[in-house]
There are 2 protein chains.
Amino acid sequence: MRRAEADPAIESRRKEPVPIETDPVIEALVQDIIGKVADRWTMLILEALQERGTLRFTQLGKAVGRISQKMLTQTVRQMERDGLVRRTVHPVIPPRVEYTLTPLGESLSAAFCGVWIWAETHHAEIQRARDAFATVGKA
Amino acid sequence: MRRAEADPAIESRRKEPVPIETDPVIEALVQDIIGKVADRWTMLILEALQERGTLRFTQLGKAVGRISQKMLTQTVRQMERDGLVRRTVHPVIPPRVEYTLTPLGESLSAAFCGVWIWAETHHAEIQRARDAFATVGKA
DNA sequence: TCCAACACTCTCCTTTTGGTGCGTATAAAT
DNA sequence: ATTTATACGCACCAAAAGGAGAGTGTTGGA
């Protein structure tokens with residue numbers, strides 16, 4: 001994926017002491033967000049839009065890969081609700097709908113970028129761990 | 001969660017040009033990893049173990065929150081397979097099993113830390129987006 | 001003698017996720 | 001007159017995720 005530098009706002013907060021932050025309401029909301037956002041399709045769509053800017057429905061589907069129309073609409077709508085993407089409908093025929101990341105979406109994408117890079121960096125290590133586990137299991 | 005500074009290895013790779021990296025095998029593996037790792041329970045367990053170091057089965061369950069035994073064992077086993085946690089069985093009665101992050105697990109946790117902070121930082125913004133969406137929807 | 005403790009496993013059940021295929025609107029192109 | 005293109009919504013179905021609760025093995029304590 002296209003690289004995004006670590007968000008300075010996030011980097012500075014990494015260094016701060018952990019806030020008390022045990023407000024259960026906030027905690028629940030954060031967990032809810034993580035639950036929605038740490039979703040396969042969300043991550044893939046995020047990546048596709050960050051890489052290629054603005055995309056129409058069908059293009060987005062192709063960019064993501066193996067995704068059904070249903071999942072695409074569903075996920076993209078949820079992302080719109082959460083303010084991650086902007087959906088622009090051009091009232092023409094045939095319909096033309098364009099999707100772009102909002103600044104909020106871009107910032108999330110930057111935050112996830114670290115995870116993608118982690119996966120790219122460590123996939124061999126994981127493969128080795130799996131092989132080792134399988135070997136021990138059989139032995 | 002406890003803060004981890006951005007992994008320098010990841011930060012340096014952010015600045016590199018995007019590798020060609022269209023090897024479909026690697027791509028598939030990376031996507032598989034993302035699929036497994038970007039899972040609600042995995043993230044929560046990762047967080048719990050990073051925060052509190054070593055935990056026994058039941059303690060880990062409590063630290064995570066609302067998780068069934070089934071999901072806990074299942075997820076933790078997958079994480080062991082992937083080399084993210086080390087599982088130490090003490091052959092005593094009653095049984096005593098301890099879970100700790102491996103260095104690989106720690107590095108993933110650091111990568112995810114950015115996403116947690118993102119969620120903590122932007123949850124209000126998301127809430128606003130949701131409210132706005134709901135209002136427009138009704139209008 | 002019997003229960004408690006721990007870390008599970010197993011079975012059964014419900015919920016969620018995701019796929020497939022069909023329908024729709026309508027202007028332009030054939 | 002018919003087809004094509006686009007971005008869906010909807011109904012139906014299969015598969016996977018996940019929860020609840022019971023069972024297990026062993027030993028030390030009441």
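Order of the sequence lines fixes the chain letters, A, B, ..., with proteins taken first and strands second; residue numbering starts at 1 for each chain.
Residues satisfying the side-chain contact (heavy atoms from CB on, under 4.5 Å) criterion with A/Lys70, sequence neighbours excluded, are A/Ser68, A/Gln74. Remark: A/Arg86 pairs with A/Thr88, A/Thr102 by the side-chain contact (heavy atoms from CB on, under 4.5 Å) rule, at least two apart or across chains. With sequence neighbours left out, the side-chain contact (heavy atoms from CB on, under 4.5 Å) criterion links A/Glu80 to A/Arg77, A/Val85, A/Arg87, B/Phe133. Taking A/Ala9 as the reference, A/Asp7 meet the side-chain contact (heavy atoms from CB on, under 4.5 Å) condition, with sequence neighbours excluded. Take B/Arg56 and apply the side chain to side chain donor-acceptor pair (under 3.5 Å) test, not counting sequence neighbours, and it matches no residue. Looking at residues two or more places apart in sequence or on another chain, you find a salt bridge (charged side-chain N to carboxylate O under 4.0 Å, His left out) between B/Glu11 and B/Arg14.
Across its full length, the helix from C/dT1-D/dA30 to C/dT30-D/dA1 shows an angle of 30° between the axes of its 5 terminal pairs at either end, rounded to 10 degrees.
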**OP:** Going 5' to 3' through nucleotides 2-21 of chain C, assign each nucleotide B (protein heavy atom under 4.0 Å from a base atom), S (under 4.0 Å only from sugar-phosphate atoms) or - (no protein heavy atom that close).
**Re:** ---BBSBB--------BBB-
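Pairs passing the salt bridge (Lys or Arg N to Asp or Glu O under 4.0 Å) check and including a residue from residues 90-101 of chain B, sequence neighbours excluded, read B/Arg96-B/Glu98.
Ring geometry for A/Tyr99 against A/Phe57 counts as tilted: the plane angle lies between 30° and 60°, on a 0 to 90° scale.
Atom-to-atom, CD of B/Gln78 to C1' of D/dA17 comes out at 14 Å; the value is rounded to the nearest Å.
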